[in-house]
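The basis for the numbers below is simple: all heavy atoms, side chains too, and nothing from hydrogens, waters or symmetry mates. In this chain, residues are counted from 1 in sequence order.
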Amino acid sequence: MIRGLIFDLDGTLVDSGLDFERMRLEMGLPSQQPILESLDRLAEPRRSECWTILERHEQAGAERATLMPGVTELLQELARRNLRRAIFTRNGRRHTLHTLARLGLTFDTVVAREDAPPKPDPTGIWQICESWRVSPGEVAMVGDYLFDIEAGRRAGARTVCYAGRRNCAEIETWGAGLAVACFSRPQELLAWLEQPGEPT
């Protein structure tokens, strides 16, 4: 039985238009390298300079973020069913909370990069489960990227990939329990969550 859902933020619930390749270019980082992990390996003062670039992009993203289609309806349905709702994001807390406030979104729990190791580390999911007093098998991790799915699988949670415009073949290799193209018709997602089963 699912008792709560844990959502990634950017690219899943909201579109903040973050251009990660542009960030890497400004920071002088190799293409496709995870930014947070790359910054942790840098020496000062370059590390601080790159963090400033990241903060600037995230602030701009928080100001322009818009809801993905169907998010309002999905969250309303989850509230109607008394399912807990959390955010687990690699973004900073300040910009995450600003995004949520701007868009009128309310969650039971918010875990940002200041609160737990970034995904794909599953610690943030375990923290949320502990605060809710549920087991990882009673939650689902919903996200649009491999790190979201890996974190959910490693935590022992069920996993849902928000596919959006991503390539279906790529998503299949991630091993999510379910992939949904959009949230505008949440019945498929909610019906899957109601089914008994082991974490996927």
Side-chain angles (χ1 to χ4, degrees), residues 6-71 86-103 105 107 110-125 141-155 159-176 179-183:
I6 302 171
F7 292 93
D8 171 55
L9 183 62
D10 185 60
T12 301
L13 296 180
V14 308
D15 180 2
S16 56
L18 291 177
D19 187 337
F20 295 103
E21 281 305 305
R22 180 179 173 185
M23 290 186 214
R24 293 184 186 97
L25 184 62
E26 289 185 32
M27 297 173 185
L29 298 176
S31 177
Q32 304 297 320
Q33 289 291 319
I35 291 176
L36 298 183
E37 291 80 357
S38 296
L39 297 193
D40 282 344
R41 294 191 291 267
L42 296 179
E44 295 291 358
R46 187 177 171 215
R47 184 174 185 272
S48 293
E49 293 169 352
C50 289
W51 272 107
T52 299
I53 294 171
L54 177 59
E55 289 283 337
R56 172 166 50 81
H57 279 272
E58 287 191 356
Q59 179 177 355
E63 292 295 340
R64 65 174 172 253
T66 57
L67 289 176
M68 292 294 193
V71 167
I87 294 290
F88 180 26
T89 176
R90 286 168 61 95
N91 290 1
R93 171 168 280 274
R94 179 165 63 94
H95 303 308
T96 295
L97 295 179
H98 181 61
T99 300
L100 297 178
R102 268 195 64 244
L103 298 176
L105 301 179
F107 287 82
V110 175
V111 175
R113 62 170 172 258
E114 296 90 342
D115 307 310
K119 296 170 290 186
D121 189 297
T123 301
I125 296 175
M141 178 70 216
V142 184
D144 71 313
Y145 187 59
L146 173 62
F147 286 174
D148 305 306
I149 306 307
E150 284 188 353
R153 290 170 62 90
R154 290 168 62 184
T159 54
V160 178
C161 181
Y162 171 65
R165 295 184 293 272
R166 286 191 178 275
N167 182 284
C168 292
E170 178 186 29
I171 290 172
E172 287 179 4
T173 68
W174 297 351
V180 295
C182 68
F183 296 126

Keeping the roles fixed (side chain from E21, backbone from Q32), state whether a donor-acceptor pair exists under 3.5 Å. yes
Does E63 offer a backbone N or O that forms a donor-acceptor pair with the side chain of R102 under 3.5 Å? yes
Does any N or O in the side chain of D121 come within less than 3.5 Å of the main-chain N or O of P118, such that one atom is a donor and the other an acceptor? no
Please determine if R41 and E37 form a salt bridge, counting it only when a charged side-chain N lies under 4.0 Å from a carboxylate O. no
Between N91 and A112, what is the shortest heavy-atom contact and its length? O-CB, 3.3 Å
C50 and L39: which non-hydrogen atoms are nearest, and at how many Å? CB-CD2, 3.4 Å
Please name the pair of heavy atoms, one in A163 and one in A181, separated by the smallest distance, quoted to 0.1 Å. CB-CA, 4.3 Å
Between R94 and E114, is a side-chain contact (heavy atoms from CB on, under 4.5 Å) present by the stated rule, with each step listed? CA-CA 10 Å; R94 179 165 63 94; E114 296 90 342; 5.9 Å; no
What heavy-atom pair brings V111 and G124 nearest, and what distance separates the two atoms? CG1-CA, 4.2 Å
Beyond-backbone contact of T96 with V110, side-chain heavy atoms, under 4.5 angstrom: yes
Under the side-chain contact (heavy atoms from CB on, under 4.5 Å) criterion, do L54 and L36 qualify, and how do the steps go? CA-CA 9 Å; L54 177 59; L36 298 183; 3.8 Å; yes
Taking the side chain as everything from C-beta on, heavy atoms only, tell me whether M141 gets closer than 4.5 Å to D8. yes
Under a 4.0 Å N-O cut-off, is there an ion pair linking D10 with R90? no
Looking at S48 and E44, would you say the former's side chain and the latter's main chain have a donor-acceptor pair under 3.5 Å? no
Please confirm whether the ring centroid of F88 lies under 6.0 Å from the ring centroid of F7. no
Going by heavy atoms in the side chains, are L42 and W51 under 4.5 Å from each other? no
Can you find a heavy atom in the side chain of M68 that is under 4.5 Å from one in the side chain of Y162? yes
Taking atom types as modelled, is there a side-chain donor on D15 or T66 under 3.5 Å from an acceptor on the other? no
For A116, does its backbone N or O pair with a side-chain atom of T123 as donor and acceptor, under 3.5 Å? no
Okay, side chain of R153, backbone of G175: is any donor-acceptor separation there less than 3.5 Å? yes
Tell me, do H98 and Q59 make a side-chain contact under 4.5 Å, heavy atoms counted? no
Counterpart residues, side chain to side chain donor-acceptor pair (under 3.5 Å), relative to R113 (two or more places apart): E55, E58
Quick one, I87 with I6, criterion side-chain contact (heavy atoms from CB on, under 4.5 Å). Give me CA distance, side-chain angles, the key distance, then yes/no. CA-CA 6 Å; I87 294 290; I6 302 171; over 6 Å; no
With a 3.5 Å distance limit and no angle check, can you tell me whether R24 reaches the backbone of L29 through a side-chain donor-acceptor pair? no
Between V142 and D148, is there a side-chain heavy-atom distance shorter than 4.5 Å? no
Check for a donor-acceptor pair, side chain of R154 on one end and backbone N or O of P120 on the other, with a separation under 3.5 Å. yes
With a 4.5 Å heavy-atom cut-off, do E49 and I53 have their side chains touching? no
Write down the atom of A62, the atom of H95, and the distance for their closest heavy-atom approach. CB-O, 3.7 Å
Counting distance only, does the side-chain N/O of R46 pair as donor-acceptor with the main-chain N or O of M27 below 3.5 Å? yes
Give a yes or no on whether the backbone of S16 and the side-chain of R64 come within a donor-acceptor separation of less than 3.5 Å. yes
How close do A65 and T99 get, heavy atom to heavy atom, and via which atoms? CB-CG2, 3.9 Å
What I'd like to find out is whether the side chain of L67 reaches to under 4.5 Å of the side chain of L105, using heavy atoms alone. yes
